[in-house]
Engineer: 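The structure's right below; bear with me while I get my questions together.
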Amino acid sequence: MSVRVRYAPSPTGSPHVGNIRTALYDFLLARHFGGVNVLRIEDTDRARLIPGCEDDIVESLHWLGMDWQEGPDRGGPFAPYRQSERKEAGIYDGWIQVLLERGDAYKAFETPEELAEMREYQQINKLPEGYFGGVWRDASPSQVEAAEREGKQGVVRLRVPRGRTIVLQDAIRGRIEFDSDTIDDPVLLKADGMPTYHLAAMVDDHLMEITHVIRGEEWIASAPKHIALFEALGWTPPEFVHVPVIKGTDGKKLSKRHGDTAVLDFRPAGYLPEALANFIALIGWSPGGNRELMSMDELAEAFTLDGLQPSSGVFDREKLDWMNGHYIRELDSEGLFERVVALAASPETSEYWSREDHASTGVGLKFAHLSEAARSEPEYAREAVVLLRERATTLADFAPACEFFFVEDPSMDPKAVEKWLRLDHVPGLFEDMMTALQGRDRVSVEECEALLRDWAAAHGFEKLGPIVHPIRVALTGSTVGPGLFELMALLGPRRMCHRLQEARKIA
RNA sequence: GGCCCGGUCGUCUAGUGGUUAGGAUGCCGCCCUUUCAAGGCGGAGGUCGCGGGUUCAAGUCCCGUCCGGGCUACCA
């Protein structure tokens with residue numbers, strides 16, 4: 001069996017993680033079976049269309065490592081791949097005519113106001129809401145003609161058969177039955193001449209020979225309409241795969257209201273695409289057993305519909321953080337540095353970190369420092385980044401964590417100063433260190449360690465803590481950070497002497 | 001309200017009639033250690049939503065019930 005799947009977003013906003021997961025499943029299923037992945041843009045809603053959005057869709061997909069064989073950007077045997085263009089090409093009109101002629105669709109001329117009124121009436125009387133006939137489902141041809149002569153703008157609705165059971169065979173949930181009397185007649189063609197999702201998506205899925213329609217669970221309710229349409233047209237429906245929704249920690253379906261769930265926000269926030277993809281794949285799907293750290297290749301190799309789960313999942317940021325840290329630690333030094341520098345230099349990064357929610361972190365400015373250092377002293381900057389690798393959760397962590405390497409006078413944590421610089425032996429310690437380091441070009445890690453250990457021994461300190469901590473505070477302004485000896489060697493004598501001297505003044 | 005879907009540690013999940021219900025994350029502790037992490041080891045955390053059945057045996061099958069969610073547009 002040859003698999004043909006499609007990711008069919010509407011360009012009404014940047015893709016968020018729930019949305020992109022279906023794209024991932026499409027991609028993985030196609031790869032697993034050596035099938036074809038199609039990108040189709042469903043831009044039939046002219047009012048909600050956001051210009052530039054298609055670029056975000058393509059960018060999100062590419063960033064996460066997905067590709068497709070047919071789409072608006074690369075054409076294909078079923079082009080065009082934008083529904084607005086397909087509409088222009090007259091692809092949908094023919095089928096509307098067929099439906100109209102067979103009596104499986106009809107024209108309706110209610111105004112939006114009349115429809116709203118009808119809904120209100122249904123609400124008040126606790127009736128099922130929707131269009132179950134109105135005055136037009138059974139209107140005579142002369143009534144329709146009269147309305148058209150008056151120049152009324154009508155829509156075309158599907159005539160859903162009554163008194164029947166419509167069966168949806170879902171790949172995840174199995175057989176789902178609907179009483180067709182509870183299904184209202186959906187609009188197929190809007191008054192502006194554009195097809196609705198119900199018409200366009202089904203026609204395209206059929207014409208493009210899509211074998212599996214992977215879409216969100218929120219579509220289950222309208223699936224019987226789609227099946228009725230397929231039946232009316234005499235087509236065999238594709239396999240429907242309704243994947244569960246992803247919820248926010250509030251238990252509601254993930255949306256833009258949940259903060260940073262736009263896929264493209266994860267990039268400037270310092271997440272690795274391999275981590276995000278791995279993590280998202282595992283919400284609602286499992287390879288079985290205990291596997292969870294998987295590359296895209298492994299994911300594709302393991303992915304089948306069997307592993308899909310019916311119950312919805314919560315997007316757990318903390319677990320994503322862990323996974324992201326894992327992938328950061330897996331990067332080799334060169335690769336890690338490249339990624340951090342690329343992130344630091346990106347305009348997208350400064351835009352993200354200057355947004356209201358993040359501006360107070362100062363990360364934007366710290367990234368600028370990192371960027372500058374990467375240009376002027378690439379070797380030094382690289383070593384600094386590598387020293388922080390074990391401690392990072394996101395790539396954005398490197399900016400604040402490396403900051404002390406890149407500024408002349410790092411900001412001092414007042415609490416750290418109080419705790420470690422007020423000790424009696426500290427002035428002498430700093431002076432001795434300055435003397436030892438003075439005029440030297442460089443020191444090795446081993447030399448730094450010997451320096452401190454010898455001083456401790458000479459002054460009767462059994463533990464290294466009282467020596468190490470004041471020096472760390474003097475050099476970095478903080479009590480936390482990389483191994484002190486490594487950090488000292490990288491900083492070098494010149495920077496150390498300067499900072500020791502500054503610290504000596506307040507000690 | 002109506003229609004529909006779902007329900008295993010806080011969270012993501014393994015599990016397809018017989019397991020001390022496993023793993024991961026998060027949390028706690030110990031080890032390592034100059035700090036923080038990372039890493040290693042260990043711990044707490046689940047009456048498998050609840051109640052009935054079927055069966056020698058049920059998280060696994062059936063029914064009911066509760067709770068959660070989705071849809072209810074000339075949006076997708």
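From a predicted model like this one, the values you see are computed outputs, not experimental measurements.
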Engineer: In the strands shown, is G17(B) matched to any nucleotide by a Watson-Crick or G-U wobble pair with both distances under 3.5 Å, and which?
Structural biologist: none

Engineer: Quick one: look up who G42(B) pairs with, Watson-Crick or G-U, both distances under 3.5 Å, and put none if it's unpaired.
Structural biologist: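 Pair assignment: G42(B) / C28(B).
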
Engineer: C71(B) pairs with which nucleotide, Watson-Crick or G-U wobble, both distances below 3.5 Å?
Structural biologist: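 For C71(B), the partner nucleotide comes out as G2(B), under the 3.5 Å rule.
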
Engineer: Do F461(A) and H425(A) have ring centres separated by under 6.0 Å?
Structural biologist: yes

Engineer: Using atom C1' in both nucleotides, what's the gap between G10(B) and C27(B) to the nearest angstrom?
Structural biologist: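 Each nucleotide's C1' atom is 10 Å from the other's.
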
Engineer: Within the 4.0 Å heavy-atom criterion, would you say I283(A) contacts the bases, only the backbone, or no part of the nucleic acid?
Structural biologist: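 Sugar-phosphate: the residue I283(A), judged by heavy atoms under 4.0 Å, touches backbone atoms but no base.
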
Engineer: Any ion pair linking R164(A) and D181(A) (charged N to carboxylate O, less than 4.0 Å)?
Structural biologist: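 So D181(A) does not pair with R164(A) through a salt bridge.
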
Engineer: Out of G69(B), A76(B), G22(B), which has the shortest distance to the side chain of V245(A)?
Structural biologist: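 Closest nucleotide among those given: G69(B).
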
Engineer: Compare the minimum distances between each of C4(B), C71(B), G69(B) and the side chain of F178(A), then state the nucleotide with the smallest one.
Structural biologist: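 Looking only at heavy atoms from C-beta outward on F178(A), the closest nucleotide is C4(B).
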
Engineer: Please classify the nucleic acid contact of I176(A) as base, sugar-phosphate, or nothing, using heavy-atom distances under 4.0 Å.
Structural biologist: sugar-phosphate

Engineer: Could you check, using the six-membered ring where one of them is a Trp, whether W68(A) and Y81(A) have ring centers closer than 6.0 angstrom?
Structural biologist: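 Between Y81(A) and W68(A), which both carry aromatic rings, the centre distance is not below 6.0 Å.
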
Engineer: State whether K87(A) and E85(A) are salt-bridged, where the test is any N-O pair (Lys NZ or Arg NE/NH1/NH2 against Asp/Glu carboxylate O) under 4.0 Å.
Structural biologist: no

Engineer: Go ahead and name the base partner of G7(B); Watson-Crick or wobble counts if both distances stay under 3.5 Å, otherwise write none.
Structural biologist: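 Across any shown strand, G7(B) pairs with C66(B).
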
Engineer: For U47(B), which nucleotide in any strand shown is its Watson-Crick or wobble partner with both distances under 3.5 Å?
Structural biologist: none

